[in-house]
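Residue numbers start from 1 in every chain, and the chains themselves are labelled A, B, ... in the order their sequence lines are given, proteins ahead of strands. Computed from a prediction, not measured in an experiment: that's the story for all the values here.
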There are 2 protein chains.
Amino acid sequence: MSSAHSHPVAASARELIVAHGGRVTRTRIAVIETLQRSAHPLSHDEIGAALDAAGIVHDRVTLYRALEWLVEQGIAQRIAGGERAWRFEIRREDAHRHAHFHCDRCGQIVCLDDVPATPSPALPAGFEFDRAELVLHGACADCGRQGIKEGAR
Amino acid sequence: MSSAHSHPVAASARELIVAHGGRVTRTRIAVIETLQRSAHPLSHDEIGAALDAAGIVHDRVTLYRALEWLVEQGIAQRIAGGERAWRFEIRREDAHRHAHFHCDRCGQIVCLDDVPATPSPALPAGFEFDRAELVLHGACADCGRQGIKEGAR
DNA sequence: CGCTCTAATGCTACAATGTTGCATCAATGC
DNA sequence: GCATTGATGCAACATTGTAGCATTAGAGCG
């Protein structure tokens, strides 16, 4: 089960880890592969569930640290979802800076590969620009069809 | 005590509350005035501190609920800061949709009134657009001058 | 293969942020 | 002043994320 993705998997998890001077552990491999397989950013919780499903024994803290390391190494990146939990996705060279869509009904986050994240940051003097995060809010295709009620929460 | 702000206060807190069919309480008034006085979005914590400083007795939960109500009524709006805490600001008619800048060093959030939040949301079919949140990351004027080290966290 | 070194892990404990339930208080309308 | 009920305050809990530390297990080497 690794052929039907819109996002081609560039490097193997093992290669990525070694290339960044880290140790190859089951947790890191599983986390990277889970992220690579997913079409949208995942939360700690979702990644943890995926590891459980795959029978990978892991600790909550270990998962946090594995993700922290991936972000530090530039392998993955964090985005601030609509809720107060981080979400993670593999950093792909092709569509590195894209916007995200947050469904205010189901909480799902979708990558908008076509929408670039940052246009022209006209910042005040003295400010140093690093990156932009563009999150569109609304209802996704599934939720939108069911009619929008009671909005976000 | 309401003259030296860059953002002119449109309506009095009392008027705003009554207009939305709510009861005028000391907590709500203080929260609204605090937000109106601030040039940038505030977190629960910061608002709580402001109430304390003003001698307004209040409960943490009450503050959460007051803010929740303000957002429901459209008086205030929430933005997802870089950290996992919400930040709040008064919704102003003039610059309703502006971007925000998050300093990854000091955590401060600044309103970029000049930068519009959303250009052209070309969403996939079936998606319903509600609003956009554009957050630029980097170092603010104060932090940038001190040189950037150890990046975000 | 066995040994060493230390990066990662897996606890436990804790901090910060946010929510729920319920009894009490007080703003509003009469 | 009195009743009604929205708003508060408190306690208890849920979720998300961190810190400290002993133990485990990758990776390199003889």
Problem - Nucleotide of dG9(D), dG10(C), dT28(C) approaching Arg26(B) most closely (side-chain heavy atoms) - result: dG9(D)
Handout entry: Any Thr62(B) side-chain N or O less than 4.0 Å from OP1/OP2 of dG9(D)
Key = yes
Exercise for the section: Classify the side chain of Arg60(B) and the base of dG18(C) as holding, or not holding, a donor-acceptor pair under 3.5 Å. Expected result: yes
Practice task
Kindly say if His44(A) contacts the phosphate of dG17(D), meaning a side-chain N or O under 4.0 Å from OP1 or OP2.
Solution key: yes
Completion exercise
Among dT9(C), dG18(C), dT8(D), the one nearest any side-chain atom of Arg65(B) is dT8(D)
Practice task
Report yes if some heavy atom in the side chain of Phe88(A) is under 4.5 Å from a heavy atom in the side chain of Leu70(A); otherwise report no.
Solution key: no
Practice task
Enter the distance from Glu46(A):CD to Leu51(A):CG here, rounded to the nearest 0.5 Å.
Solution key: 12.0 Å
Fill in the blank from the handout: Separation of dC25(C) atom C1' from Arg23(B) atom CZ, nearest Å, is 10 Å
Completion exercise
Result for 5'-nearest mapping on DNA chain D, choosing between Val24(A) and Val61(A), is Val61(A)
Exercise for the section: Specify the separation, in whole Å, of atom CG of Asp45(A) and atom C1' of dT16(D). Expected result: 10 Å
Practice task
Name the orientation class of the two ring planes belonging to Tyr64(A) and His44(A) (parallel below 30°, tilted from 30 to 60°, perpendicular beyond 60°).
Solution key: perpendicular
Exercise for the section: Check the distance between dG6(D)'s P and Arg28(B)'s CZ and give it to me in whole angstrom. Expected result: 11 Å
Problem - Length of the line joining Trp69(A):CH2 and dT18(D):P, which is rounded to integer Å - result: 18 Å
Practice task
Using a cut-off of strictly less than 4.0 Å, decide whether Arg78(B) has a side-chain nitrogen or oxygen near OP1 or OP2 of dG18(C).
Solution key: no
Handout entry: Gap between atoms CG and C1', on Asp59(B) and dA12(D) respectively (whole Å)
Key = 13 Å
Problem - Name of the residue among Gln36(B), Gln77(B), Arg78(B) meeting side-chain hydrogen bond (donor to acceptor under 3.5 Å, both in side chains) with Glu89(B) - result: Gln77(B)
Practice task
Look at the side chain of Arg87(A) and the backbone N and O of His40(A), then say whether any donor-acceptor pair between them is shorter than 3.5 Å.
Solution key: no
Fill in the blank from the handout: Atom CD of Gln73(A) and atom C1' of dA8(C) are separated, to the nearest Å, by 14 Å
Exercise for the section: Using only side-chain N and O atoms of Thr25(A), determine if any of them is under 4.0 Å from OP1 or OP2 of dA7(C). Expected result: no
Handout entry: Phosphate-side-chain proximity, Thr27(A) and dT9(C), N/O vs OP1/OP2 below 4.0 Å
Key = yes
Exercise for the section: Among dA27(C), dT16(D), dC10(D), find the nucleotide with the atom closest to the side chain of Tyr64(A). Expected result: dT16(D)
Problem - Nucleotide nearest Arg84(B) (side chain, heavy atoms from C-beta), chosen from dG17(D), dG18(C), dA25(D) - result: dG17(D)
Practice task
Round to a whole Å and report the spacing from CD of Glu46(B) to P of dG18(C).
Solution key: 12 Å
Problem - Spacing between Leu63(A) atom CG and dC11(C) atom P, to the nearest angstrom - result: 14 Å
